[in-house]
Amino acid sequence: MQTSMIAAIYKNFLGHAPDWYKKTIIAFLIVNPFIFMVDPYIAGWTLVIQFIFTLAMALKCYPLQPGGLLLIEAMFIGMTTPGHMMHEIEVNLEVLLLLVFMVAGIYFMKDLLMYLFTKLVIKVRNKLILSLSFIFASAFLSAFLDALTVVAVIISVGLGFYSIYHKVASGKEFHSDHDHTSDDELGSHDLEDFRAFLRNLMMHSAVGTALGGVMTMVGEPQNLIIADKAGWDFVEFFIRMAPVTLPVFVFGLLTTIVLEKTGTFSYGAKLPTAVRQILVDYNDHMDKGRSKRETAKLVVQALIGLWLIVGLATHMASVGLIGLSVIVLATSMSGVIEEHALGKAFEEALPFAALLCVFFGVVAVIIDQGLFQPVIHWVLSFEGETQMVMFYLANGVLSMVSDNVFVGSVYITEVTAALQAGQITRDQYDMLAVAINTGTNLPSVATPNGQAAFLFLLTSAIAPLLRLSYGRMVMMALPYTIVLTIVGLVATYIGLADATQWLYDMHLIEHHSVTEAGAQVVGH
């Protein structure tokens, strides 16, 4: 029976995505113009919810295509303009350059990362100690690198482990070519246990990036924006955040201990003995077969890693440009000089970079339709500690459904305007900046929407291999979300004002003038 042209177009539309999903996206595209004609504000929130839906269904269909279609339609009906979307992309160019170049740079350091993390997994037999090692390492790295970079490292390592086991379990040699996405030749029991084990480490690490990323001005893009507005340097930023971030870090580690001990929320999975043996054999095989040139590569990659941390900690250049320098140094010192060999490094980052551009288009809709304006005006109506708590909560709630970079930059811009209009004092402004930073970074671990690092993990090549869906990520992040949000809230309400005053008294920080705030307007 011959297929009609309309049926063929429908079958091609979103490929092998489920039929119900295709019909849902088509329904969204049909109703949105009518909702916009009735009430643009409701249409704006409808689009945001629809975009979140496409993110939630990332394993059914990559969000770029359905999300992009919704955004293109939104532009045609007048929700925002291409010019505004371009402005949002320009404002966030550092984030995009970071994603493209830093993630690719990490690809060329994977030999060193596999070497270090294989040793860690083999030597540390206690799952609890291993989990704490992963979360602590992720937190430490995220204080100096952007969380996206750290998640790229962890994904690279997890993918390496998974492909090694999959290859051997399929009867191949370590050096053989192999498709690790096909499970036809494998017994399922060890594979499922190994998946659960890797899911645990991935989620611990992702949360670790939030714990470390909140502490320093280079940890997250919105931290840079907040520090720039407030006129703080690296050390002052860390000290001002410490009354909230240090208690949160301790309780984050305690949460890891409880989850691994109790085995709740899908944690507590052990590394199967057969898999451990394969990794041990792989480690021995690599150690015995390592040539002088390969050892030299590891040494050079370690030195480049040192440059990476020093360059970012001292903010010698834009994060993306440091990532570009890593690519140049790592490839030139490893003999990677063919164009096609370079291209592989960008495969992981570029689809996500495109998705992030669509996300910035949705941000332009949020701004043009004033979706957050009522919340911002309501929060500014409070005073004292209550105002700090309300800023923390409002940032947290909005960061769960929208990108925390956007939420943080919108709020700090509004608060800077309030300071310059004489509505708040400079000291009050500084404490509100702490509440905004911690509010955007901590509760946003609830969903992949809030943190770009979580979204990157969800849409990466490893997520479908480990059966790490949107729902499973939200469920596994839930205990961390509850603990980090509550501890951050209590620290903001009870300790922040007194601790900040003590820091002034000890001359660890100094009072700033109103004119120092918002010298440069970033973005929104």
Side-chain angles (χ1 to χ4, degrees), residues 106-138 141 150-206 208 256 260 263 266-291 294-295 297-299 301-302 305 348 457 460-468:
I106 293 302
Y107 176 89
F108 294 111
M109 293 177 66
K110 65 182 181 185
D111 293 339
L112 175 68
L113 297 168
M114 278 302 295
Y115 175 82
L116 294 173
F117 279 95
T118 303
K119 298 287 185 198
L120 180 65
V121 171
I122 289 169
K123 302 291 183 193
V124 181
R125 288 178 170 270
N126 185 309
K127 172 69 187 309
L128 174 59
I129 303 298
L130 185 64
S131 297
L132 288 171
S133 300
F134 265 75
I135 198 168
F136 188 85
S138 298
L141 289 171
V150 179
V151 167
V153 169
I154 301 300
I155 289 170
S156 176
V157 169
L159 210 49
F161 285 155
Y162 186 87
S163 59
I164 289 162
Y165 166 69
H166 207 286
K167 195 179 288 184
V168 173
S170 301
K172 308 275 179 66
E173 296 293 323
F174 289 127
H175 52 77
S176 305
D177 289 330
H178 177 64
D179 177 16
H180 55 251
T181 61
S182 170
D183 299 337
D184 297 341
E185 305 162 68
L186 272 85
S188 63
H189 187 66
D190 277 347
L191 181 61
E192 286 307 316
D193 288 349
F194 187 39
R195 278 177 176 147
F197 173 81
L198 284 178
R199 277 199 303 268
N200 286 185
L201 294 185
M202 291 287 133
M203 287 305 294
H204 287 318
S205 299
T256 305
E260 286 297 333
S266 299
Y267 290 99
K270 300 286 191 289
L271 179 63
T273 308
V275 181
R276 175 182 289 279
Q277 192 53 51
I278 287 171
L279 294 178
V280 169
D281 292 344
Y282 169 78
N283 182 58
D284 293 343
H285 169 78
M286 294 304 287
D287 283 350
K288 285 175 188 169
R290 190 170 289 113
S291 66
E294 286 167 335
T295 304
K297 273 187 195 177
L298 292 179
V299 172
Q301 285 175 19
E348 185 74 22
L457 176 58
S460 69
I462 202 169
L465 299 178
L466 302 186
R467 309 298 187 258
L468 190 58

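All heavy atoms count here, side chains included; hydrogens, waters and symmetry mates do not. This chain uses plain numbering: 1 for the first residue, then up along the sequence.
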Item to complete: Mind listing the closest non-hydrogen atom pair of L279 and V121 along with its distance?
Response: CD1-CG1, 4.2 Å
Worksheet item: For F117 and F134, which heavy atoms make the closest approach, and how far apart are they?
Response: CD2-CZ, 3.5 Å
Worksheet item: Would you say F108 and Q301 make side-chain contact, with heavy atoms under 4.5 Å?
Response: no
Discussion item. Which heavy atom of L466 sits nearest to which heavy atom of M202, and what is that distance?
Written reply: CD1-CG, 3.9 Å
Worksheet item: How many angstroms lie between CZ in F161 and CD1 in I462, if you round to the nearest 0.5 Å?
Response: 10.0 Å
Fill in: Flag side-chain contact, heavy atom, 4.5 Å: N200 against E260
yes
Discussion item. I want to check something: taking the side chain as every heavy atom from C-beta on, are L116 and L120 in contact at a cut-off of under 4.5 Å?
Written reply: no
Item to complete: Answer yes when K297 and E294 have at least one side-chain N-carboxylate O distance shorter than 4.0 Å, and no when they do not.
Response: no
Worksheet item: To the nearest 0.5 Å, what is the distance between CG (L198) and CD1 (I154)?
Response: 11.0 Å
Discussion item. Applying side chain to side chain contact (heavy atoms under 4.5 Å, CB included) to I135 and S205, what does each step give before you reach the verdict?
Written reply: CA-CA 5 Å; I135 198 168; S205 299; over 6 Å; no
Worksheet item: Taking side chain as C-beta onward, heavy atoms only, is N283 less than 4.5 Å from K123?
Response: no
Practice prompt. Mind listing the closest non-hydrogen atom pair of V124 and R276 along with its distance?
Written response: O-NH2, 4.0 Å
Worksheet item: Between the side chain of R125 and the main-chain N/O of I122, is any donor-acceptor distance below 3.5 Å?
Response: no
Item to complete: Heavy atoms only: give me the nearest R290-Y115 pair and the separation to one decimal.
Response: NH2-CD1, 3.6 Å
Response to the item:
On a heavy-atom basis, the closest approach of L159 and A461 is CD2-CB, 4.4 Å
Item to complete: Look at atom OH of Y267 and say whether more than 12 heavy atoms of other residues, nucleotides or ligands are closer to it than 6.0 Å.
Response: yes
Worksheet entry | is_close_aromatic(Y282, Y165), centroid dist under 6.0 Å | no
Worksheet item: From D281 CG over to M286 CE, what is the distance, rounded to the nearest 0.5 angstrom?
Response: 13.5 Å
Response to the item:
Here the gap from L201 atom CG to L130 atom CG, rounded to the nearest 0.5 Å, amounts to 5.0 Å
Discussion item. With side chain to side chain contact (heavy atoms under 4.5 Å, CB included) as the criterion, how do V275 and Y162 come out once you've worked through the C-alpha distance, each side chain's angles and the decisive distance to 0.1 Å?
Written reply: CA-CA 10 Å; V275 181; Y162 186 87; over 6 Å; no
Worksheet item: Can you tell me if R199 uses its side chain to pair, donor with acceptor, with the backbone of L468 under 3.5 Å?
Response: no
Worksheet item: Backbone N or O of A269 within a donor-acceptor pair of the K127 side chain at under 3.5 Å?
Response: yes
